[in-house]
Every structure is written in structure tokens, then in C-alpha cells.
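First up is the structure itself, then whatever we jot down about it.
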2 protein chains.
Amino acid sequence: MSVQLPDMPEFTPRQNAVLEQALKLLVSGGEKALTTSGLARAANCSKESLYKWFGDRDGLLAAMIAYQASKVRTAERSGGRLTADLLREHLEVFGRDLLEVLSGDVSLALNRLAVGQASREGSKLGTLLIEHGRRQIDRRAIGLMDAGRRAGLLRFEDADSAYHTLYGLIVSDLHVRMLLGEPGLKDNARQAKKAVAAFLVLHGLDTNSEGGN
Amino acid sequence: MSVQLPDMPEFTPRQNAVLEQALKLLVSGGEKALTTSGLARAANCSKESLYKWFGDRDGLLAAMIAYQASKVRTAERSGGRLTADLLREHLEVFGRDLLEVLSGDVSLALNRLAVGQASREGSKLGTLLIEHGRRQIDRRAIGLMDAGRRAGLLRFEDADSAYHTLYGLIVSDLHVRMLLGEPGLKDNARQAKKAVAAFLVLHGLDTNSEGGN
DNA sequence: CCGATAAAGTACCGTACGGTACGGTTCCGC
DNA sequence: GCGGAACCGTACCGTACGGTACTTTATCGG
């Protein structure tokens, strides 16, 4: 037996192209539009190949999540000295990136898919999404937290708890509203700025340059 | 044409019983378990009646949301003088109630249903859920905000914005995680306490009795 | 040049669902 | 007692999907 090695890109280029088309179908019309026949037709492949590659429909869905996660790479910026303004800037960039990711149509489609599957027992899709899709951005935020504390710019007891506070301030109920189909999206930059300002009031050490809009 | 009057309970008792059974099916097995045949069998009614009462399947889903919303009644506590400790207490109760509602199995099932339907055009289910399900609790929170400001205990420019901050602090990503099927739920009371403490740091006027765990 | 492997395309099968139609039963107004 | 309305139970229909089998085509090692 051969386990998936990290250098083995999990799928062949052909399979990646099929998964890309699957994501396109999912984004365009939701889960109902993602049928095996439709995907085979759209991707110019045979249903038999789909079942040979991914096992069954659930395997295809899991492969789509893994494929999408493999595409996302966070910048993981981590330069030298960290000043208060630099930390604020990094936090705001993080907030904008987070909102951008969450409001992306592929992300929304995959989250809707996983939420829809969450009722069935043994879904694993939700866990997969949380693990693959969030770990990257979570690690980036936790890194930012720790760097801020090490530089004497942030104070908190638990980095994870502080991160959840930041997350809540940034996202609030926007994610669920978007998942429910609400189109009107507030300005990401403005929302991130506000959230970071509040976060720094809670967990920052200096109070200068406060009250930005 | 006859509009729905508030005293007209929207549905007959028999229909309410059927909707109750429909919610039960939805909670137990997700959307896939909610078939017209299955509901007719479980509720001892005929499919023909279902279609006569609710039009089609979407009408049934909308009726389920309306029915569930009609059951939820927030206490809308609003006594006399408001002190700092009383405001904090009310806010914490609100936070606990909010988390309790969001983590309820019926709420989760309906939200999953609406999210799953959100991809299809003309869903209206998501809007319905937000309107019917959230308006009550939102109004209660906004009322609390305004009362706090009128009593000189809170400061903010926009009550809606302040409420969203409170919401984010309380809920963070818990709602989405639960929608995705994550079972482990933190302690509601502890989470509410923490969130309210942070909220009062941001928008409260006095800083005494701070730092409770 | 040849055998083999992979994959496309198509046809097929079983099932299950949404929606409709029909016969039988209960209940209510008259 | 009677006619009709509401409703239950069941059978039925068309469709569409997940999954499988088969035929044909292409690619590639020897």
C-alpha cells in the first residue's frame, strides 16, 4: 500500500482538471448541479473514470475539498522587527484576507456543501473543511498573535482565545449571512479596520494612534 | 385577498402537528430524511393534503420556518432602573440565550436546510430564516443597547454596529462550526461572560468590577 | 507492429423522490 | 338521512440520479 506522500500532489493533472470543473459546477449551481453525469459531460471524462479515481460521490466531494485546500497558500509574511503600526497593519491585512477568503464563491460553495452534508452521520466533510481550509489561516493568525506578544505589543493569556476574539470581531455573523445567501457585503477593509481597532483596545498595550476610521 | 393577521395562527392545529413532525424528521436525519412520502407516513396524513396545504415542497419548508419562528418568544425583559451590574447581567443572559438558541438542534437543522438551499436561485429560505428567526433576538439586543446608553452605561455611535460587535464576541465562529457538525460545544455561560466583559471594555463607561472569569 | 492498460462515450439498471389521481372513510351542515 | 367537503391510504407516473457494464479509441512499452 502506498500512503499519500506530501510531495505527491494527491492527484494527477487530469484529475485536478476534473476537480476544477467540479468546483465550477458546484459554484454555478450548488450541490444539486454537481451530478456525476453532469461532471463527466462537462469535464469530458467518463463516469467510470470518476468512480475509479474517487471511489464514490462522497470521495469526489472530499477530493474537491482537498484539491481546493491544496491551492490555497497563505503568504505567511513574517519579517523582522515588529512595531505597533506594523502589527496593526498586519492584523488589518489578515482581517481583509480572512473576509476575502470567506466571501469567495468557491469557499461559500464548499462550506454550503459541507453544511448540507453535516446532518448525515459520518459526514467527515465538515471536519475536512475545518482541518484543511482553516488550519492555514489559523496558524498565520496565531503566529501573528505570538509575534505581537513577544514584541511586547499584545497582552493575553491564551493565544487561541485571543485569536477567537479577533475572529469574532472581524467576521461577526457575516459568514453565516453569506452562507444563507445574503448578497450585500460590507466593505471588507472598513470592517477589518474596525475589528482590529477594537481588538487592540482589548489586547494591545499602547493606546496611541487609536480611533482610526 | 387576505393577508395573514397576527391572531390567525397561520396554520390549523392539524397542520401545526404535521409541521412539528416535519421538524422532527429534519432534525433526526437532515434534509434528505424529509421526504413528502416519509412525512405523510410519519404524520399520518396524505401526500395530497400536504400539497393542498403547502403547495409544494418549498412551501412546506417555508411553513416549517414560519411555524418554528412562531413558537419562539423572547422574554423581552425590560424592568425599571438599569444599573451597571444589572446591564452586565442582562447582557450575559442574552449571550447565554443566544448561544442556546444557535446550538439548538432545530435551529441547526433549519439553518443547515436554508444554507443548503441558498445555492439555488430564488431560495428565499435564507432570507426567511434571517427575518423570522433573528428579528426577535436582534430587537431584544438593540433594546438592551439603547437602554444601556440611555442609562449612561454604554457609549457607542451606532447601536447596530455595537450589537454586531457583541454578537461577534459572543458567537465568534461557533455557529459555523456547529453548522459544520462540530459536536464539542464550549460552556455557554463562560463564553457569554467573557464576551460581555470584552464588550464592556469596548463600550462600557465604568471599568469597575472588571476581569471576572 | 503488437499486446496491454487507460480512458472516453454510451447504454443500462435500480431506486427513490416529487407530484398527481383515485377509492374509501369520517364528519358536518341541512 | 343525505350530500358534500376534507382527508387518509395507496397506487401510480415521470424523471433523474448514483453506480455498473460494455464497446471503442488512444497511448505506450517492448
Side-chain angles (χ1 to χ4, degrees), chain A residues 2 8-26 28-65 109 112-114 116-117 119-125, chain B residues 8-22 24-26 28-65 109 112-114 116-117 119-125:
Chain A
S2 69
M8 198 246 263
E10 187 97 34
F11 302 110
T12 71
R14 173 72 177 126
Q15 291 165 5
N16 281 338
V18 171
L19 291 174
E20 186 69 36
Q21 188 65 42
L23 284 178
K24 225 173 229 169
L25 283 177
L26 183 69
S28 74
E31 179 178 8
K32 203 187 150 194
L34 185 63
T35 67
T36 54
S37 305
L39 176 58
R41 204 177 317 119
N44 286 328
C45 74
S46 69
K47 285 172 69 173
E48 198 167 11
S49 299
L50 291 181
Y51 284 97
K52 170 175 295 194
W53 294 336
F54 308 113
D56 58 356
R57 193 168 185 272
D58 289 350
L60 172 68
L61 303 182
M64 289 168 62
I65 290 180
R112 291 200 183 105
L113 176 68
Q117 284 278 118
S119 349
R120 294 312 265 171
E121 199 58 34
S123 61
K124 283 200 51 175
L125 272 194
Chain B
M8 197 246 262
E10 187 98 34
F11 301 110
T12 70
R14 174 73 178 124
Q15 290 164 6
N16 282 338
V18 171
L19 292 174
E20 187 68 37
Q21 189 64 42
K24 225 174 230 170
L25 284 177
L26 183 69
S28 74
E31 179 177 7
K32 203 188 151 195
L34 186 64
T35 67
T36 53
S37 304
L39 175 58
R41 202 177 317 119
N44 287 327
C45 74
S46 70
K47 286 172 69 173
E48 200 168 9
S49 299
L50 291 182
Y51 285 97
K52 170 176 297 196
W53 294 335
F54 309 112
D56 56 358
R57 193 169 185 271
D58 289 350
L60 171 68
L61 303 182
M64 289 168 63
I65 291 180
R112 291 201 184 105
L113 176 67
Q117 283 278 115
S119 352
R120 294 312 268 173
E121 199 58 35
S123 61
K124 283 200 52 176
L125 271 194

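Small disclaimer: the values here were computed from a predicted structure and weren't measured. To find a chain, count down the sequence lines: A is the first, B the second, and so on, and within it residues start at 1.
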- Query: Nearest to the side chain of Ser49(A) - dT20(C), dA8(C), dC7(D)?
  - Reply: dA8(C)
- Item | Over all atoms of both residues, closest heavy-atom pair of Ser119(A) and Gly30(B) | CB-CA, 3.4 Å
- Message: Taking 4.0 Å as the cut-off, does a side-chain nitrogen or oxygen of Trp53(B) come that near to OP1 or OP2 on dA6(D)?
- Response: no
- Which nucleotide in the list dT20(C), dG18(D), dA8(C) gets nearest to the side chain of Tyr51(B)? dT20(C)
- Within the structure, does a side-chain N or O atom of Ser37(B) lie under 4.0 Å from either OP1 or OP2 of dC17(C)? no
- Message: Let me spell it out: for each of Gly55(A) and Thr35(A), pick the nucleotide of DNA chain D with the closest heavy atom. Which residue's pick is nearer the 5' end?
- Response: Thr35(A)
- Select one nucleotide: of dA8(C), dG18(C), dG18(D), the one nearest the side-chain heavy atoms of Ser46(A). dA8(C)
- At what distance, to the nearest 0.5 angstrom, does CZ of Arg112(A) lie from CD of Gln117(B)? 11.5 Å
- Message: Less than 4.5 Å apart, side chain to side chain, heavy atoms only: is that true for Phe54(A) and Leu19(A)?
- Response: yes
- Note on the structure: Among the nucleotides dT20(C), dG9(D), dA8(C), whichever has the atom closest to the side chain of Arg14(A) is dA8(C)
- In whole angstrom, what separates Leu39(B)'s CG from dG18(C)'s P? 10 Å
- Query: Looking across every strand, which nucleic acid part, if any, lies under 4.0 Å from Arg41(B) by heavy atom: base, sugar-phosphate, or nothing?
  - Reply: nothing
- Please examine the side chains of Val18(A) and Phe11(A), heavy atoms only from C-beta on, and report whether any two atoms are closer than 4.5 Å. no
- Item | Candidates dG19(C), dG9(D), dG18(D) - which lies nearest the side chain of Arg57(A) | dG18(D)
- Message: If I take atom CZ in residue Phe11(A) and atom C1' in nucleotide dA6(C), what distance separates them, rounded to the nearest angstrom?
- Response: 18 Å
- Item | Length of the NZ-C1' vector between Lys52(A) and dA7(C), whole Å | 8 Å
- Out of dC22(D), dA11(C), dA8(C), which nucleotide sits closest to the side chain of Lys47(A)? dA11(C)
